[in-house]
Amino acid sequence: MPPHRRRHRHHHHHNRFRFVIPAISVLSGIILLLFAFISFLAPPATDHRQLRNGASYGEKLQRFRTPNNGQLSDRDIWNSKMSKFYYGCSNASSNFAKAKEVTHANRYLLIATSGGLNQQRTGITDAVVAARILNATLVVPKLDENSFWKDSSNFSQIFDVDWFISHLANDVQIIKELPLKGGKTWIPYTMRVPRKCSDKCYVNRVLPNLLKKHAVRLTKYDYRLSNRLESDLQKLRCRVNYHALKFTDPINEMGEKLVFHMRSMGKQYIALHLRFEPDMLAFSGCYYGGGERERNELGKLRRRWKTLHNSNPEKVRRQGRCPLTPEEVGLMLRALGYGKDVHIYVASGEVYRGEETLAPLKALFPNFYSKETIASKKEMEPFTGFSSRMAALDYIVCDSSNVFVTNNNGNMAKILAGRRRYFGHKRTIRPNGKKLYRLFLNRENMTWDEFASGIRKHQKGFMGEPKEVRPGRGEFHENPSACICEDSKAKAVAESNLRKFGMGKSTTKADVSATVDGQSNDNEPELSEEEEEEDDMSSSQDMNSSQDNTEFNGTSTDSDASTSEEPELEELLSD
């Protein structure tokens, strides 16, 4: 080939490459930009659960967006619908003899309470009834100073002892101290009775010792009386719990100050009893989503109690036994209609992981208060360091609230639920743990409206309405049905007026007759009288007093520890 042709072909190829290379560069740049844009829109590669569910992170945020305003126009979120037709009634019948007519000389009953303030309150209430069953004089109960709560306060430092004695004078004879015997200190015979001991059980087990020894002390006295007694004894329970047990003046005055502070910030407020302490969480056996750190921290605490068995967290959660997390409480309240502007008083101990755990709840309800934030250190000084006195202040503020909410099924929750029923069915919200757990578990896969609708559906029957719980179900202290009377005439007139003015059937009728479908673990069927007497507390009628004088402090040396101490500890930690 001639030289000039070779030079021409070489020049032609050179020109073609001069245009191709820039084109490739531009195309590569476009592809890179496109890839970067797609990557930006895609969900994080590490979020495997979201990828499996087929929805992007951005889509989920758009779907489950919690509103600030929760008000529902079609319902009253602050009051119970039919409460005006029900009232507390605990006066004795004409057949209930006066104490002076039935009390026998030389019969003295003493009790040693167990647990925190509210658990001890149940023991004090039941002790009065037990003394009446035995026709005995009751010595003012001794409070538990050696329990988990470690409070040295005596009865007269918590309750008005003179009012307690005088108010119950017609029902039971009560004295402050056991009298001397022959000029010497009288040492009572010490024993323990089974849990849920019936009136027949007391007559069979305690009375023989009372007749022989004349003074008997019942130890670890909590939940030692049957839920089912004849009507006059049940009403006596209510007279003790709701009228005779008054806090001392200093406690009442400070409690009223706290209530005033809450009312001054808004006419209405919610009180939340939040149990989320590390010890309680460890004992519950639940898992709260904190990963290996949580499992290690709570696992170490669980090993303190050698009688605890390994639990299945998922099973416990399904059974409704896990307390709601602070965030779950906040979401439940928003779904029920309470907006961001609502003021919340929080009664709680040391919250697991502190502010980190409370942050989601505070974001939902920033008007967040406790006794420590609305009272000065000087005002709180007489109460600080005394767990029962501090618990009494929380009790007063929670009882005075427009709405009481709890995340648990502990003693304070039960006691206040019963008290609020007795005094007008004030709104009381207790989570339906069995049903709510699936909503919380799957909330990212639904819209807010779907979630909120599910919450309202499952909470029906757990909102403090009259007749939510059938008579005889649950602990009597939380469902004092024998002491709740109905103004049937006024209710009939109201329903007649609804029909008369063209409103059709009363929309509240279903609410009045509604019953709870298995509230978590507190509405178990009542044991028969024989089953109660064969409970797990003892196998013999007379118990060795040296065993009973051993106070429980984490573990026990009692011979019956394997069958009895574990549930006692559970109640201790749930006060």
Side-chain angles (χ1 to χ4, degrees), residues 90 92 96-99 101-115 119-144 155 159 164-165 167-176 178 188-245 475-477 480 482-483 527 529 532-533 535 537-538 541-543 545 548 568 571:
S90 58
F96 198 65
K98 304 296 184 185
E101 299 172 12
V102 297
T103 304
H104 290 249
N106 287 326
R107 285 191 195 178
Y108 297 100
L109 182 68
L110 302 86
I111 68 155
T113 60
S114 179
Q119 189 169 331
Q120 293 185 82
R121 192 183 186 103
T122 66
I124 295 165
T125 299
D126 291 349
V128 174
V129 180
R132 176 72 190 210
I133 291 169
L134 297 166
N135 296 325
T137 295
L138 178 69
V139 179
V140 169
K142 178 178 172 57
L143 302 188
D144 188 352
F155 188 98
F159 301 106
F164 178 72
I165 292 171
H167 191 79
L168 295 170
N170 286 333
D171 300 310
V172 173
Q173 184 173 313
I174 304 174
I175 58 176
K176 293 183 180 180
L178 189 65
Y189 178 79
T190 303
M191 63 176 294
R192 204 186 302 179
V193 292
R195 287 183 177 276
K196 298 185 179 180
C197 195
S198 66
D199 49 354
K200 179 181 174 183
C201 166
Y202 276 88
V203 170
N204 289 340
R205 291 176 181 261
V206 184
L207 186 57
N209 291 320
L210 200 54
L211 294 174
K212 184 178 179 181
K213 305 292 185 179
H214 304 295
V216 171
R217 174 186 286 117
L218 303 178
T219 63
K220 292 197 181 295
Y221 199 80
D222 60 340
Y223 299 99
R224 304 290 168 175
L225 186 63
S226 171
N227 285 320
R228 294 186 298 175
L229 300 170
E230 58 97 1
S231 180
D232 264 322
L233 292 179
Q234 297 286 55
K235 288 180 180 292
L236 174 56
R237 260 178 165 160
C238 295
R239 291 198 293 280
V240 180
N241 198 2
Y242 306 133
H243 300 286
L245 279 176
E475 298 289 346
F476 182 79
H477 300 288
C483 305
L527 296 174
E529 190 172 281
E532 284 176 343
E533 293 190 26
D535 204 353
M537 188 45 59
S538 74
Q541 182 169 327
D542 296 338
M543 304 173 107
S545 59
D548 290 309
E568 286 186 36
E571 285 160 359

Please report the closest heavy-atom contact between [X] and [Y], naming both atoms and the distance.
| X | Y | answer |
| --- | --- | --- |
| Leu109 | Ala127 | CD2-O, 4.0 Å |
| Asp144 | Gly115 | OD2-N, 3.1 Å |
| Cys483 | Lys235 | SG-CA, 3.8 Å |
| Arg192 | Thr219 | CG-O, 3.4 Å |
| Ala136 | Leu210 | CB-CD2, 3.9 Å |

Tell me, do [X] and [Y] make a side-chain contact under 4.5 Å, heavy atoms counted?
| X | Y | answer |
| --- | --- | --- |
| Pro194 | Cys201 | yes |
| Leu134 | Val206 | yes |
| Phe96 | Leu233 | yes |
| Asp126 | Val240 | no |
| Glu475 | Lys196 | yes |
| Pro480 | Tyr242 | yes |
| Arg217 | Val139 | no |
| Met191 | Leu218 | yes |

Check: [Y] main-chain N/O paired with [X] side-chain donor or acceptor under 3.5 Å:
| X | Y | answer |
| --- | --- | --- |
| Asn227 | Phe476 | yes |
| Thr113 | Lys142 | yes |
| Gln120 | Asp222 | no |
| Lys213 | Pro188 | no |
| Arg224 | Val193 | yes |
| Arg132 | Asp171 | yes |
| His214 | Asn106 | yes |
| Arg239 | Ala244 | no |

Can you tell me how far the [atom1] atom of [X] sits from the [atom2] atom of [Y], to the nearest 0.5 Å?
| X | Y | atom1 | atom2 | answer |
| --- | --- | --- | --- | --- |
| His243 | Ser90 | NE2 | OG | 4.0 Å |
| Asn209 | Tyr189 | CG | OH | 4.5 Å |
| Lys98 | Thr103 | NZ | OG1 | 12.5 Å |

Anything under 30° is parallel, anything over 60° is perpendicular, the rest tilted; go ahead and classify Phe164 against Phe155.
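Tilted.
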
Non-neighbouring partners of Leu211 that pass side chain to side chain contact (heavy atoms under 4.5 Å, CB included), sequence neighbours left out
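With neighbours one apart ignored, the set is Arg107, Leu207.
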
I'd like to know whether Leu225 forms a side-chain contact (heavy atoms from CB on, under 4.5 Å) with Arg237, so could you lay out the CA-CA distance, the side-chain angles of the two residues, the decisive distance to 0.1 Å, and finally the verdict.
CA-CA 11 Å; Leu225 186 63; Arg237 260 178 165 160; 3.4 Å; yes

Residue of the set Ile165, Val172, Ile175 for which side chain to side chain contact (heavy atoms under 4.5 Å, CB included) holds with Leu138:
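By the side chain to side chain contact (heavy atoms under 4.5 Å, CB included) criterion, Leu138 pairs with just one of Ile165, Val172, Ile175: Val172.
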
Test log, rule side-chain contact (heavy atoms from CB on, under 4.5 Å), inputs Ser198 and Arg228:
CA-CA 8 Å; Ser198 66; Arg228 294 186 298 175; over 6 Å; no

Stepwise, does the side-chain contact (heavy atoms from CB on, under 4.5 Å) test hold for Thr190 with Leu110?
CA-CA 9 Å; Thr190 303; Leu110 302 86; over 6 Å; no

